[in-house]
There are 2 protein chains.
Amino acid sequence: MAPGASVKDNHAVCEAEFVDKRRVGAVSKHMPDSDSIEALSEIFKVLGDPTRLRIISALSVDELCVCDIAHLLGASISATSHQLRILRHLHLVKHRKEGKMVYYSLDDACVEKLLAEGLKHIAE
Amino acid sequence: MAPGASVKDNHAVCEAEFVDKRRVGAVSKHMPDSDSIEALSEIFKVLGDPTRLRIISALSVDELCVCDIAHLLGASISATSHQLRILRHLHLVKHRKEGKMVYYSLDDACVEKLLAEGLKHIAE
DNA sequence: CCCTCACTTGAATAATTGCTCAATTATTCA
DNA sequence: TGAATAATTGAGCAATTATTCAAGTGAGGG
């Protein structure tokens, strides 16, 4: 067996050697660290659901109570609340209580930029 | 959704009336249409996976063969190829064949902007 | 020609996710 | 206080998804 290549892998993993070590090294240096990737993917994942995206784009216009959000989505109050909890947990939305009602609004201007950037992509 | 809001829901849906009709109407007008939301959420969903995000951020530095990408991720060739197919399908990456090897690169500059915008959000 | 290598693809599996339903909290009003 | 309303929460379920495994394709090399 090749000197550098242990390859005890059941699956051939491309001879266990980088095809272009220098290039891979350079790429590796320029990549965000693992934590950033993880955090970033979490945000994208949260935005990667039509229901949540609708909530975000609605709240980017004005604050709304849970009830109105649910109507706007055509979803149940419960489903809406569940999604709002997820958005709240990631600090994308904040809530304000007024009597029996809870008003939600965006907590982060960055999200609007992401939406705008994404819509530009769609427009192509 | 119908402006009249039929709401024959079994679950009490906030008295079947908008709490603030005028506000909801205004919000509704400013929201992207359903197709845009769907398309946009699909892009975010694809970016919402650490493996794919790593691939994208690697390819934003330089083109790479499947083998090197897999190494960079610490993933199997197969898993990598599967994810590349998804990215290819959404036209986020393109591929170029050279002998036995296949080189992948970004197909869409917009994605880099999305990544950059997202990283700004993380930085907070 | 056969064999190997780089990669693709399909099926199976385990984990995740978004929804509904039911119960619960919190607030208002009679 | 007790009934009603707005919203939250947890359990359970169906659908989706990321990975692995195994088989298959296609380009070179001996």
Side-chain angles (χ1 to χ4, degrees), chain A residues 1-2 5 7 9-20 24 37-38 41-42 44-55 63-71 73-90 93-104, chain B residues 7 9-20 38 41-42 44-55 63-90 93-104:
Chain A
M1 201 176 287
V7 192
D9 299 307
N10 40 359
H11 260 72
V13 119
C14 194
E15 272 324 290
E17 271 306 329
F18 293 104
V19 169
D20 189 337
V24 171
I37 291 280
E38 220 68 36
S41 72
E42 201 159 347
F44 283 133
K45 190 194 295 183
V46 163
L47 296 177
D49 174 78
T51 302
R52 285 191 294 263
L53 207 50
R54 259 181 268 261
I55 293 177
E63 85 169 357
L64 290 168
C65 68
V66 177
C67 170
D68 279 349
I69 297 172
H71 273 94
L73 303 178
S76 73
I77 299 278
S78 177
T80 304
S81 186
H82 275 296
Q83 302 296 2
L84 283 169
R85 195 170 62 84
I86 293 173
L87 294 172
R88 222 169 52 213
H89 220 252
L90 258 181
V93 304
K94 59 178 189 281
H95 63 293
R96 171 176 76 79
K97 210 160 181 198
E98 190 178 316
K100 279 185 291 187
M101 286 156 69
V102 178
Y103 286 93
Y104 278 85
Chain B
V7 190
D9 298 305
N10 39 359
H11 258 71
V13 118
C14 194
E15 270 326 289
E17 270 306 329
F18 294 103
V19 168
D20 188 337
E38 220 68 35
S41 72
E42 200 159 347
F44 283 134
K45 190 195 294 182
V46 164
L47 296 178
D49 173 78
T51 302
R52 286 191 293 261
L53 205 51
R54 259 182 267 259
I55 293 177
E63 84 169 357
L64 290 169
C65 67
V66 177
C67 170
D68 279 349
I69 297 172
H71 272 95
L72 216 48
L73 303 179
S76 73
I77 299 278
S78 179
T80 305
S81 186
H82 275 296
Q83 302 296 3
L84 283 169
R85 194 169 63 84
I86 293 173
L87 293 172
R88 222 169 51 214
H89 218 253
L90 259 181
V93 305
K94 59 179 188 280
H95 63 294
R96 172 177 77 80
K97 210 160 181 198
E98 189 178 316
K100 278 185 292 186
M101 286 156 70
V102 177
Y103 286 92
Y104 278 86

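In what follows, every chain begins at residue 1, and chains take the letters A, B, ... in the order their sequences are listed. Since this is a predicted model, take the numbers as computed values, not measurements.
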**Prompt:** Given the rule that a pair is Watson-Crick or G-U wobble with both distances under 3.5 Å, how would you write DNA chain C in dot-bracket, using | for pairs to a different strand?
**Reply:** ||||||||||||||||||||||||||||||

Side chain of [X] - closest among [options]:
| X | options | value |
| --- | --- | --- |
| A:Ser81 | C:dG18, D:dA7, C:dT8 | D:dA7 |
| A:His82 | D:dT20, C:dC21, D:dG28 | C:dC21 |
| B:Ser76 | C:dT9, D:dT20, C:dT20 | D:dT20 |
| B:Cys65 | D:dA18, C:dC7, D:dT20 | C:dC7 |

**Request:** Please check the phosphate of D:dA6 (OP1 and OP2 only) for any side-chain N or O of A:Tyr104 closer than 4.0 Å.
**Result:** no

**Message:** Check the phosphate of D:dT9 against A:Arg88, side-chain N and O only, distance under 4.0 Å to OP1 or OP2. Yes or no?
**Reply:** yes

**Item:** 5' precedence on DNA chain D between A:Ser78 and A:Met101 (nearest-nucleotide basis)
**Value:** A:Met101

Tell me: [atom1] of [X] to [atom2] of [N], nearest whole Å?
| X | N | atom1 | atom2 | result |
| --- | --- | --- | --- | --- |
| A:Asp68 | D:dA6 | CG | C1' | 12 Å |
| B:Arg85 | C:dG10 | CZ | C1' | 9 Å |
| B:Ile77 | C:dC5 | CD1 | C1' | 10 Å |
| B:Ile86 | C:dG10 | CD1 | C1' | 14 Å |
| B:Gln83 | D:dT20 | CD | C1' | 13 Å |
| A:Leu64 | D:dA6 | CG | P | 15 Å |
| A:Phe44 | C:dT16 | CZ | C1' | 20 Å |
| B:Lys45 | C:dG18 | NZ | P | 8 Å |

**Prompt:** Could you state the interatomic distance from OG (A:Ser41) to CZ (B:Phe44), rounded to the nearest 0.5 Å?
**Reply:** 13.5 Å

**Fill in**
Here the gap from B:His71 atom NE2 to B:Ile77 atom CD1, rounded to the nearest 0.5 Å, amounts to 7.0 Å

**Request:** Describe the nucleic acid contact of A:Tyr103 in one word from base, sugar-phosphate, nothing, applying a heavy-atom distance below 4.0 Å.
**Result:** nothing

**Prompt:** When all nucleic acid strands are considered with a 4.0 Å heavy-atom cut-off, which category describes B:Thr51: base, sugar-phosphate, or nothing?
**Reply:** sugar-phosphate

**Close side-chain approach of B:Arg54 and A:Glu38, heavy atoms under 4.5 Å** = yes

**Within-4.5 Å side-chain heavy-atom neighbours: B:Gln83 and B:Asp49** = yes

Ignoring hydrogens, what is the shortest heavy-atom contact between [X] and [Y]? Give both atom names and the distance.
| X | Y | result |
| --- | --- | --- |
| A:Asp68 | A:Leu64 | CB-CD2, 4.2 Å |
| B:Thr80 | B:Ala75 | OG1-CB, 3.9 Å |
| A:Leu53 | A:Leu47 | CD1-O, 3.5 Å |

**Prompt:** Are the side chain of B:Arg52 and the backbone N or O of B:Val46 linked by a donor-acceptor pair below 3.5 Å?
**Reply:** yes

**Message:** On DNA chain C, does the nearest nucleotide to B:Val102 precede the nearest nucleotide to A:Lys100 from the 5' side, or the other way round? Give the residue.
**Reply:** B:Val102

